[in-house]
Amino acid sequence: MPVTVLLVDDEPLVRAGLRAVLGAQPDIEVVGEAADGAAVIPMVRRLLPDVVAMDVRMPLLDGIEATRAVLRTVPDPPKILVVTTFEDDAYVYEALRAGADGFLLKRARPAEIVHAVRLVAEGESLLFPASVRRLAARYGDGAGRPVRAALERARLTEREAEVLRLMARGLSNAEIAAALVVGAQTVKSHVSAVLAKLGARDRTQAVIAAYESGFVEPR
């Protein structure tokens, strides 16, 4: 089954470019387009996309609020890939904190766009880990204390803490398995346990919590 994608951007040229790039892939299908975040929820409910590629800045409802709305109201929500002009934009970090799974630069090359959609759909590694570290270092100070308390309450085991540190470096499950010399299924179980204990939707949210709590230094 192909990865299905909903495009949400107020610029028709951006949508057309993404549709051309993604639609040319045999394993990706663009199932719809919207010009504003306000149209996302009914389209997600009707089209059931695997991934929403969503502009972070839109006139009526921006990508941050649209992300929150989708995650709050849609059962089994899609992965959300924020589309942005600037990777160091505070809006990008707020969208990630709101629950977006990663971000995509509008100036990205076609191969990078395709890779981003596939990676977010798979959900087994962190998209642009270095950029997420920089964003956490710049914008993540305000949430430190409550996030630190939540992480302490999670009571991660020593191995789960080690897995979280490797996740924060952007390693995939296979790469973590190789680093720890354990099986891939074992790593998958540890990752699932980390997400459950932190109450994180996915590894991006877990990594942001790790940075904001000071558990991992965002350097």
Side-chain angles (χ1 to χ4, degrees), residues 1-8 18 22 25 27-31 40 44 47-54 56 63-64 66-68 70-72 74-84 87 92-93 95-105 108 111-133 135-136 154 156 160 162-180 182-212 216:
M1 295 292 291
V3 175
T4 55
V5 181
L6 171 64
L7 305 177
V8 185
L18 290 173
L22 297 174
Q25 306 304 310
D27 61 332
I28 299 176
E29 179 185 359
V30 177
V31 293
V40 170
V44 165
L47 299 172
L48 303 177
D50 299 310
V51 177
V52 177
M54 182 150 52
V56 72
I64 301 170
T67 295
R68 290 192 179 111
V70 168
L71 299 182
R72 186 174 61 246
V74 177
D76 193 19
K79 300 290 187 179
I80 296 178
L81 186 60
V82 170
V83 182
T84 181
E87 62 183 304
V92 174
Y93 191 65
L96 293 176
R97 289 187 68 196
D101 303 277
F103 64 90
L104 171 65
L105 296 176
E112 293 171 331
I113 294 171
V114 172
H115 173 68
V117 169
R118 287 175 177 154
L119 193 63
V120 166
E122 292 167 1
E124 286 203 354
S125 57
L126 184 66
L127 187 61
F128 302 136
S131 295
V132 174
R133 283 197 296 273
L135 287 166
L156 300 181
E160 290 165 354
E162 196 171 9
V163 167
L164 179 55
R165 291 188 184 96
L166 293 175
M167 287 166 57
R169 286 169 47 191
L171 273 63
S172 67
N173 285 2
E175 291 167 333
I176 294 173
L180 300 180
V182 298
Q185 189 59 44
T186 299
V187 171
K188 188 174 181 180
S189 296
H190 286 316
V191 170
S192 296
V194 169
L195 299 186
K197 287 184 176 182
L198 295 180
R201 161 175 149 85
D202 55 32
R203 60 205 302 140
T204 300
Q205 310 312 309
V207 167
I208 287 176
Y211 288 143
E212 291 187 339
V216 176

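If you're wondering where the values come from, they're calculated on a predicted model, not measured in any experiment. These values consider heavy atoms only, across backbone and side chains, with no hydrogens, waters or symmetry-generated copies.
Between Leu22 and Leu7 the shortest side-chain heavy-atom distance falls below 4.5 Å. Using a 4.5 Å cut-off on side-chain heavy atoms (C-beta onward), Leu126 and Met167 make no contact. Considering only heavy atoms from C-beta on, Leu166 stays 4.5 Å or farther from Val187 through its side chain. Side-chain atoms of Arg203 and Asn173, non-hydrogen and from C-beta on, do get closer than 4.5 Å to each other.
Evaluated for a side-chain contact (heavy atoms from CB on, under 4.5 Å) with Phe103, the options Val120, Val83, Thr204, Leu135 yield exactly one hit, Leu135.
At distances below 3.5 Å, not a single donor-acceptor pair connects side-chain atoms of Thr4 with backbone N or O atoms of Glu29. Side-chain atoms of Gln205 come within 3.5 Å of backbone N or O of Ala100 as a donor-acceptor pair. Here the side chain of Glu212 pairs no donor or acceptor atom with the backbone of Val207 at under 3.5 angstrom.
For the atom pair CG (Leu127) and CZ (Arg118), the distance works out to 13.5 Å, reported to the nearest 0.5 Å. Glu160 contributes atom CD, which lies 12.0 Å from atom CZ of Arg165 (distance to the nearest 0.5 angstrom). Between the CD1 atom of Ile28 and the CG atom of Leu18 there is a distance of 11.0 Å, given to the nearest 0.5 Å. The distance from atom CG of Asp50 to atom CG of Leu6, rounded to the nearest 0.5 Å, is 11.0 Å. Note that OG of Ser131 is 7.0 Å distant from CG of Leu105, once rounded to the nearest 0.5 Å. Residue Leu164 holds its CG atom at 11.5 Å from NZ of Lys197, rounded to the nearest 0.5 Å.
The nearest pair of heavy atoms linking Val70 to Pro77 is CG1-CB, 4.1 Å. The shortest heavy-atom contact between Leu195 and Ala206 is CD2-CB, 3.6 Å. When all heavy atoms of Ala98 and Leu71 are compared, the closest pair comes out as O-CD1, 3.4 Å. In terms of heavy-atom proximity, Ala168 sits nearest to Pro129 at O-CB, 4.3 Å. Closest non-hydrogen pair, Ala121 versus Val3, comes out as CB-CG1, 3.9 Å. Residues Pro49 and Val5 share a closest heavy-atom pair of CB-C, 4.3 Å.
Between Glu175 and Arg169 no salt bridge is recorded (no basic side-chain N to carboxylate O distance below 4.0 Å).
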(Q) Applying side-chain contact (heavy atoms from CB on, under 4.5 Å) to Val163 and Leu180, what does each step give before you reach the verdict? (A) CA-CA 9 Å; Val163 167; Leu180 300 180; 3.9 Å; yes

Q. Passes side-chain contact (heavy atoms from CB on, under 4.5 Å), His115 versus Glu112? Steps please.
A. CA-CA 5 Å; His115 173 68; Glu112 293 171 331; 5.5 Å; no

